[in-house]
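A note on names: the letters A, B, ... follow the listed sequences, proteins ahead of strands, and every chain is numbered from 1.
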There are 2 protein chains.
Amino acid sequence: MSAKSDPGRSLALLWGSHTRPGRSGLTVRAIVDAAIELADAEGLEAATMRRVADKIGSGTMSLYTHVPGKAELNDLMVDTVLGELYNGVDDPSGRGGWREGLRYVAERNWDVGLRHLWLLDATGGRPTLGPNAVLKYEAELRVLDGIGLTDLQMDSVLTLVLTHVEGVARSHAGLVRAQRESGLDEQEWWRATAPVLERVMAGHDFPVAGRVGEASSQVYQASADPAHAFAFGLDVILDGVQRLMK
Amino acid sequence: MSAKSDPGRSLALLWGSHTRPGRSGLTVRAIVDAAIELADAEGLEAATMRRVADKIGSGTMSLYTHVPGKAELNDLMVDTVLGELYNGVDDPSGRGGWREGLRYVAERNWDVGLRHLWLLDATGGRPTLGPNAVLKYEAELRVLDGIGLTDLQMDSVLTLVLTHVEGVARSHAGLVRAQRESGLDEQEWWRATAPVLERVMAGHDFPVAGRVGEASSQVYQASADPAHAFAFGLDVILDGVQRLMK
DNA sequence: AGCCTGTACCGTACGACGTACGCCAACTGA
DNA sequence: TCAGTTGGCGTACGTCGTACGGTACAGGCT
């Protein structure tokens, strides 16, 4: 009997029109767009109900006429942005074999993650199942259709690739956020951290970590290199998938 | 000149003793333990300064005598929990080849993610570099040492495996959280969602997504199966890593 | 013993957040 | 014209992290 959240209400909103204006021209679309702009510019935590309302020149509580609450607004933001992924002409299937197709899928998801650093903060939990999310699932599955995988394997392979991309994109977003919040870029941060770390670790011995950590941080000039992790991991995963095909 | 956050201060705290009590017996250790208990039981958002203080019977602001702020408390929570991973006797290296070693690393990380569902919410951004994090890095790298990989490859392979585990663990944590917050388990959620989704998707056509989605949800009885994704992805990744060795 | 100074502790308050509630004004249909 | 409905929104509540300033205890000095 807990009326916490009604999946039906959210779904209807997600698949609704978003453009029917109220008395003062307020639309769902305008609310969602304003929220996305705020999140793009300053991170998801900047997309508060108050600031979204200010941005479109309405009272804070007017938003609730068009959107049940913050959670549903988040879902709308996510599904809207997923619409950027495959715009009809860029169908990921039919561009060579499954390998090129999967690579394209990974690259598109990586791109959208870079463009909207808040995206992965807004997902998680149950999937959203808006129109663009379903379209995405369909488009991505098609690159794996008819090449000898079972339906379950198709889903598993796609999940694996997307999990990888989400992981490295989240890592990238985390670094950008850390830089914004600390005011220190990667090199400044390391210059501030390294001497303290060395002093505090004196006495302990970490031979392998010391050697490998030094090698990596010299090459990356950073505490991590998500772009490299993206490419390296994708190659390894695609090689591994190859063996499923036999 | 922005004095936002001082990496040195955090590091010193992380590597400090945590057990030196103040006038009323308050210690860093007690604060961190209380916060972890709250997060384990009710999620990271339950570990507020007020509730932590209540739990240990002190005033809210007394915590700030021992801990600079919420962010540093999070770091301490993370590093403390990472201490559970490898307790000396369970050294991941020296248990067969690299493949068994990597599998063990993945499983230990998966386990700790299940035990502390808030862990991945508390990480992200720059790495924490507390004693247990460094110990973890060293222990995990050792399973890849001396088997013909370059230092950079060692780091990349480990990152790949950990990114995978983090991704599926995050997915698992998301489902558990969704269940707690909505009061609906996976089957109830799907029973509430499916008919609405079908009605709203009428007219559109998603042949592959429909077929595959149905197959998966029948087998998993859920919107996703992180445990299966963990195992499937790990096998594929290990196969892919194999080709690096050659 | 008396006192001084540093610091552990903590009560209050501020500005953010999401949103419940209720009022007003503008539409709609009769 | 007037009643009923509904979009818009001002106020207020309970939450959060934490700045600030006061209180009272501990330890070192005379």
Asker: Between the side chains of Glu45(A) and Arg177(A), is the shortest nitrogen-to-carboxylate-oxygen separation below 4.0 Å, so that they form an ion pair?
Answerer: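 Salt bridge between Arg177(A) and Glu45(A), a charged N being under 4.0 Å from a carboxylate O: yes.
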
Asker: Do Trp118(A) and Ile36(A) come close enough that some side-chain heavy atom pair is under 4.5 Å?
Answerer: yes

Asker: Using whole Å, what does the distance between atom P of nucleotide dG17(D) and atom CD of Glu72(B) come to?
Answerer: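 The distance from CD of Glu72(B) to P of dG17(D) comes to 13 Å, rounded to the nearest Å.
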
Asker: Is the phosphate of dA16(C), meaning OP1 or OP2, less than 4.0 Å from a side-chain N or O of Arg50(A)?
Answerer: no

Asker: Is Ser58(A) close enough to dG8(D) that one of its side-chain N or O atoms is under 4.0 Å from OP1 or OP2 there?
Answerer: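 No, no such contact exists.
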
Asker: Quick one: Met61(A) CE to dC24(C) C1', roughly how many Å, whole number?
Answerer: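 Computing the Met61(A):CE to dC24(C):C1' distance gives 16 Å.
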
Asker: Are Trp110(B) and His164(B) an aromatic pair by the rule of ring centers under 6.0 Å?
Answerer: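 Between Trp110(B) and His164(B), the centre distance exceeds or equals 6.0 Å.
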
Asker: Send over the distance from Asp54(A) CG to dC17(C) P, rounded to a whole Å.
Answerer: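 That distance rounds to 9 Å.
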
Asker: Between Lys70(B) and Arg23(B), which residue's closest nucleotide on DNA chain D lies nearer the 5′ terminus?
Answerer: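 Here Lys70(B) is the residue nearer the 5' end.
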
Asker: Can you measure Leu63(A) atom CG to dG10(D) atom P for me and round it to whole angstrom units?
Answerer: 12 Å

Asker: Expressed as a whole number of angstroms, how long is the span from Tyr64(B):OH to dG21(D):C1'?
Answerer: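 Computing the Tyr64(B):OH to dG21(D):C1' distance gives 16 Å.
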
Asker: Separation of Ile56(A) atom CD1 from dC9(D) atom C1', in whole Å?
Answerer: 13 Å

Asker: Is Ser24(A) near enough to dG8(D) that one of its side-chain N or O atoms lies under 4.0 angstrom from OP1 or OP2?
Answerer: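 Ser24(A) to dG8(D) OP1/OP2: side-chain N or O found under 4.0 Å.
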
Asker: From CG of Leu38(B) over to P of dC16(D), roughly how many Å is that when rounded to an integer?
Answerer: 11 Å

Asker: How close or far is atom P of dG17(D) from atom CG of Leu73(B), stated in whole angstroms?
Answerer: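 Spelled out: CG on Leu73(B) to P on dG17(D) is 10 Å.
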
Asker: Check Glu186(A) with Arg126(B), please: is the shortest side-chain N to carboxylate O separation under 4.0 Å?
Answerer: yes

Asker: Quick one: are Arg51(A) and Thr48(A) in side-chain contact, heavy atoms under 4.5 Å?
Answerer: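 Arg51(A) reaches Thr48(A) side chain to side chain.
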
Asker: Within the structure shown, what part of the strands sits under 4.0 Å from Thr48(B) by heavy-atom distance: base, sugar-phosphate, or nothing?
Answerer: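 If one applies the 4.0 Å heavy-atom cut-off, Thr48(B) turns out to touch the sugar-phosphate alone, with no base involved.
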
Asker: With nearest nucleotide decided by heavy atoms, which residue, Pro68(A) or Gly22(B), maps closer to the 5′ end of DNA chain C?
Answerer: Gly22(B)

